Each structure stands twice: as structure tokens, then as C-alpha cells.
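Below is one structure; the comments refer to it alone.
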Amino acid sequence: MITVTDLVDSLGAGFLRTVVAAGNAEVHDVALAEPGDAGGQPGELVLGVGVTDRAEALALLERAARAAAGGVVLKSPFAGDPQVARATRELAGPALVELQPHTSWAHVVWLLRGVIDRAAAPDTSRLGTPGPHVDLFALADAAAEIIDAPVTVEDAQSRVLAYSARQDTTDPARVSTIVGRRVPPETLTHFRAGGVFRRLARSSDPIWTPAGPDGTLPRLIIPVRAGGEWLGSIWAVVGPPVPEERIRELRDVASVLALHLLRLRAEAGIARRVSTGRLRVTLREGAAPGPGALPGPGAAPSLPAGPWRVVAFGSPYEAGDVRRQLDLWESVVRRFGWHEPLLTDLDGLLFGLVTERPRGRRPVTAGGMADAGAGTLGWLRHVLGEVHARDAGLYAVAGCPAHSPDRLPRSTAEAGELHRLVAAGLLPLHGTTGLLLMEDAWDAVVVERATAAIGIDTGLLGGPLAVLRAHDEEHGTPYRATLAAWLDHFGDPQSAARRLRIHPNTLRYRLRKLDEVAPVDLSSPRVRLALRLQLTAMGTSSTQGETPGPPSPPPRP
């Protein structure tokens, strides 16, 4: 199932805007509000088609709340009316969603039903079920007939979504575009230098481009927009003049195309949200209803063959905004070939699921990079090495391998723990390529877990450190730092003294004096371990309280 928030976010602000959210209200159908009806049913998104004033809007909201509907869609000015918004919050019932005034109810019903049905249905795209992509090719053919020229349909990222069957008039750029399903970089540079994309983003007017280098033919470009948002464009290999009535017909095709592009974007957004939601459940609960499958039908991909590792991704950008982190890392991993990345947010962090191939199964590419398969641990190590070299703020940490789905929650917890230690500066990434495994930092994790359990004051338990701390604070003595240095260097006075930058005899003198203040049996391994953990919990380092300088002379007898 999908929520009202998912649905609104997927269609975009050009069509819908959430005025009052309603938590995780789910939607499974769309209903048209009829005067005097019950205001929908549980899980329905009610469209206020016949609402003409504030009173009708308030009455519809009350009926929808009684019926436990998921949300109510109203047009302006009723959706933005402060009284209507306030009443929605007081009802604590359905979400209030605003439909942009330029949008027809018929179009929004088609879009919403298509997206909801797609989210609820199994993934049958591999069986050749007709959908928006098939419609795009039909629209490309219709545009080609109107303009009497070859046509391609592209999105705002210059990716080819469809092209007409007719491609008799062509040039090298057109061939590369269709074969590669993306406009070649050199062609993009040519059009960008001519200001084409800047005009596409700002205006709905047709654009003419003259012939260019390397045999590039002139083109007529029709922007595809919805709600002021640039979604894509129609490109025809044709030069002027073109009759004005044909350009008007092309713009009509662009209006229809806008609805299809919105639906495609919404379905992709819903598919990603459904997939991330199901992966989130798997990482948290470790449940999989079948051999290697994520729970539930539909958009979520199957788990690859294990064992797996859960990875937590980090970035200094957009801190605290896990949705933006998801967009960032999804862009990164897709750029390196992971076209269906297993990424999701959980408890405010961004997690991914990668495969760890057993030893002896590490293929090597021609370039020499081991384990090159997208979505594997070796592949991720290569990706992090590439991006970390250019941006040291991007990193990933991974929990221990999970050999069965029920072990995924443990790996998730470990990855989250490593992420928190790195973010707090307690676990440096120096010397790594941006990927840190639990096996590389297990000792730091053990110490942090122990010191976190000890506490600063309650964890002293009558031991000598409470007395030593009081003495240091009252007399300015460095007894705790001295003891920490001695413990860190295995009781070696030479090494500990060098750490403190004092003479070894000074170290021995301090140890005798601190033993007089608070007697302690340093011959006991258990005592030494307990003292070091307590000192760590107190934040005491082996240099605390010391001022760098030359070693001090030995004390006088």
C-alpha cells in the first residue's frame, strides 16, 4: 500500500500539495464526492469535485473523517482556506490535499488511479503488459505524422523515453541518441551552448535550433510542461518553416504527453517508496516470506543470493535530511551501474544492502578491479574509492556478514553503530578508501559499548578514580593522565614518559604519590582493564592536563 504523502510527493507540486498531513494514512482507491454521500470509505482519497464554497468543504471533511477516508482533495481557494485547514487539524482525520487550479479533475483521476493500481498490482512489466511507455511511443508516432519528420521524446535529463517509427531523416547525433537512449555529451554541449536547455526550463514556446557541427541537422523542440514544471520535450528533425497549425497540434500532443510523463514519474516514485518500505521491514525484522524474497508483492526487487552486508552511508551534506541523502547516494550508485539499488532509510539513517561473495568467487575485470558486479561489497569498495578520492566527506560503514535473512537486523544494528561512532568523531576514517567494515573497527566498538555502559559517575563504584579525580581537581595534579599513559603502554615507564613528555623518574614518582592518595593494585589484569575503561568513560587521555614541551627533569630525592 501507499500513503497519501507518497502519492502527493510522487505526482509533484505541479499537481498536488499537502496542506494538512495525516501521518501514514494509506490509500487504495479514489472516490468522487457526491452531495450528501458518506464521504468515502476507509483508505480512499476523496476528490471534492462539486465543492463550491467553504461550507461544502467543511461538510465534506467531516463526512470523510467519519468514514475514515485517507484524504480529501480540494481546489483553491478552499484547500488553502485557513478555516478549512484548522478544521482538518481539529478533526485529526483525513489529510487535506490541494489540487492546483489549472488541473482538470478528469486528468487527476486518470493519474491517481493509474499510480494506485500500479502500486497495488504485481510487477508484470516483464510480461509485456501495456503501460505508459507504450503510450509514449504511440504519441511519438502521432507527433511524427503531424510534423512529417522523425521525432524523439526526452525527459528533463535528456534521456530518450520514446521515438517514432519513422527515422528516415537522421544525423549522427540522432543515431547515437536512439541507440544509446541518451543524448551524447558532445551533442548536449552543442545545444547547451545555444541556450536550448535554459529556454526549455523557462518557457513553453517552441524552439528552433540551426544546423550544427558534424552534420547535426536543424531541430524543432516543443517543451513538455505541467503546472509550470518542465518535464521533458519533443524533438523533431525538421527546419523552418513549419505551418503554425502543425505547431499548435504538436503543443496539444505535448499536453497529453505531460500527463503520461507525470504518471511515469509518479509510478517510479511510488515503486521506489514501496521498495524502500519493504526493504526497511526486512532490515528491521529480518523476515522474508520465501527463498530470498522481500515481503509483499510488487515493486520491491528480490534479494540477491547471500551472504549480505548492511551498509550505512554517510555524507556531510544535507545532514539530518535522509530523503536528500537517499537521492544523493542513489545518484552515485546508479552512475556506477547499480540500476536497482537496495537503499532505504531507517531510524534517520540511510542503509543499503550489498552482497558479499564468498572467497574464491571474485572475478576480475579487464581493468583489474576485483568483484566488479554492481551491488557487491567489492564493487562498493571500488565506488567509494572513486568518490572518496574526490570528496572525503562521502563514506560508508558495513556490519558483519549476514548468512541468512534473520541475521540482517544484527548487521543493520552494527552498521548504524559504526555510523554513529564515525559521525561523533570517535572512529576516524583516515587511511581508508571511504569504506569501513565492522571487522576493521571491532576493538573500538567493544570499548565504546563498555564505556557507554559504565557511565562517568555512577560507574566509578567506589574505585580509586573518584579520589584521584578529586585530588587532581583540588591540587592540579595529573594523576589520572599519568595512570592512563602507564596503562596504555603496558606499564613501560620509558614509553609512558615519552607519551607524557616527562622524565621516566618523574613518572615513577607520580605513580608512588597517586598510590599514596588512592591505593590501587596495578598487578591485577582485571583491575587494569576496569581502570582503563573507567578512564575512557571519563574522557581521560594519556595527555590530558599536559602542556607540550621538553621532558621535565627527574624529581629531587
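Computed from a predicted model, the values in this text were never measured in an experiment. For this chain, numbers begin at 1 and follow the sequence in order.
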Pair Val445, Met438 - check side chain to side chain contact (heavy atoms under 4.5 Å, CB included), show working.
CA-CA 8 Å; Val445 173; Met438 176 59 79; 3.8 Å; yes
Side chain to side chain contact (heavy atoms under 4.5 Å, CB included) evaluation trace for Leu531 with Val520:
CA-CA 10 Å; Leu531 284 172; Val520 56; 3.6 Å; yes
Criterion side chain to side chain contact (heavy atoms under 4.5 Å, CB included) on Phe336 and Val387, from CA distance to verdict
CA-CA 10 Å; Phe336 283 86; Val387 301; 3.9 Å; yes
Test side-chain hydrogen bond (donor to acceptor under 3.5 Å, both in side chains) applied to Arg532 and Thr536, step by step
CA-CA 6 Å; Arg532 195 60 191 93; Thr536 302; 3.2 Å; yes
Using the rule given for side chain to side chain contact (heavy atoms under 4.5 Å, CB included), can you reason through Tyr509 versus Ile502, listing the C-alpha separation, both sets of side-chain angles and the distance that settles it, and then say yes or no?
CA-CA 11 Å; Tyr509 173 77; Ile502 60 175; over 6 Å; no
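Partners of Leu511 according to the side-chain contact (heavy atoms from CB on, under 4.5 Å) rule, which considers only residues two or more places apart in sequence or in another chain, are Thr482, Trp486, Leu507, Leu514. Partners of Arg89 under the salt bridge (Lys or Arg N to Asp or Glu O under 4.0 Å) rule, at least two apart in sequence or in another chain, do not exist in this structure. Under the ring pair (Phe, Tyr, Trp, His ring centres under 6.0 Å) criterion, Trp230 pairs with no residue at all, not counting sequence neighbours. Among residues two or more places apart in sequence or in another chain, the side chain to side chain donor-acceptor pair (under 3.5 Å) test is passed with Glu62 by none. Every residue two or more places apart in sequence or in another chain was checked for a side chain to side chain donor-acceptor pair (under 3.5 Å) with Arg420, and none qualifies. In terms of the salt bridge (Lys or Arg N to Asp or Glu O under 4.0 Å) criterion, Glu448 has no residue partners (sequence neighbours excluded). In this view, Ala537 and Thr451, Ile454 satisfy the side-chain contact (heavy atoms from CB on, under 4.5 Å) rule, not counting sequence neighbours. Judged as a salt bridge (Lys or Arg N to Asp or Glu O under 4.0 Å), and not counting sequence neighbours, the contacts of Asp345 are Arg280. In this structure Phe351 satisfies the ring pair (Phe, Tyr, Trp, His ring centres under 6.0 Å) test with no other residue, sequence neighbours excluded. Residues meeting the salt bridge (Lys or Arg N to Asp or Glu O under 4.0 Å) test with Arg86, sequence neighbours left out: none. For the side chain to side chain donor-acceptor pair (under 3.5 Å) test, residues two or more places apart in sequence or in another chain that qualify with Glu516 are Lys513. Annotation: side chain to side chain donor-acceptor pair (under 3.5 Å) contacts of Asp155 (sequence neighbours excluded): Arg159.
Leu437 has its side chain within reach of Leu377: a pair of non-hydrogen atoms, C-beta onward, lies under 4.5 Å apart. For the pair Pro409 and Arg284, the minimum side-chain heavy-atom distance is 4.5 Å or more. No side-chain heavy atom of Leu353 sits less than 4.5 Å from a side-chain heavy atom of Val311. The side-chain heavy atoms of Trp329 and Leu394, taken from C-beta on, include a pair separated by under 4.5 Å. For the pair Glu44 and Val30, the minimum side-chain heavy-atom distance is 4.5 Å or more. Leu465 is listed as a side-chain neighbour of Leu468, based on a closest heavy-atom distance under 4.5 Å. Counting heavy atoms from C-beta on, the side chains of Val97 and Val19 never come closer than 4.5 Å. When side chains are defined from C-beta on, Ser315 counts as touching Leu328, because their heavy atoms get closer than 4.5 Å.
Contact detail for Leu384 and Ala396: the closest heavy-atom pair is CD1-N, 4.0 Å. Of all the heavy atoms in Arg309 and Gly399, the pair that sits closest is NH1-O, 2.8 Å. When all heavy atoms of Pro478 and Asp472 are compared, the closest pair comes out as N-OD1, 3.9 Å. Shortest non-hydrogen contact noted between Ala423 and Tyr395 is N-OH, 4.3 Å. The minimum heavy-atom distance between Thr355 and Pro304, with the atom names listed, is OG1-CG, 3.2 Å. Of all the heavy atoms in Leu436 and Leu418, the pair that sits closest is O-CD1, 4.2 Å.
Rounding to the nearest 0.5 Å gives a distance of 7.5 Å between CG of Leu522 and CG of Asp515. Expressed to the nearest 0.5 Å, how far SG of Cys400 lies from CH2 of Trp442 amounts to 11.5 Å. Note: Asp521 CG to Arg528 CZ = 9.0 Å, rounded to the nearest 0.5 Å. Note that the CD atom of Glu386 and the CZ atom of Arg381 stand 14.0 Å from one another [nearest 0.5 Å]. In this structure, CG on Leu58 lies 8.0 Å from OG1 on Thr88, to the nearest 0.5 angstrom. Distance check, rounded to the nearest 0.5 Å: NE2 of His419 to CG of Asp347 gives 12.5 Å.
Residue Leu427 forms a side-chain contact (heavy atoms from CB on, under 4.5 Å) with just one option from Asp440, Val397, Val422, and that option is Val422.
Classification of Arg410 and Glu417 as a salt-bridged pair fails, no side-chain N sitting under 4.0 Å from a carboxylate O.
In the model, Arg510 has no side-chain atom that pairs as donor or acceptor with a side-chain atom of Thr506 under 3.5 Å.
A donor-acceptor pair is defined here as one N or O able to donate and one able to accept, closer than 3.5 Å; no such pair exists between the side chain of Thr18 and the backbone of Ala21. Put simply, the side chain of His503 gets close to the backbone of Asn505: a donor and an acceptor are under 3.5 Å apart. The backbone N or O of Pro42 lies less than 3.5 Å from a partner atom in the side chain of His28, making a donor-acceptor pair.
Ring planes of Tyr479 and His471: parallel class, angle under 30° (limits at 30 and 60°).
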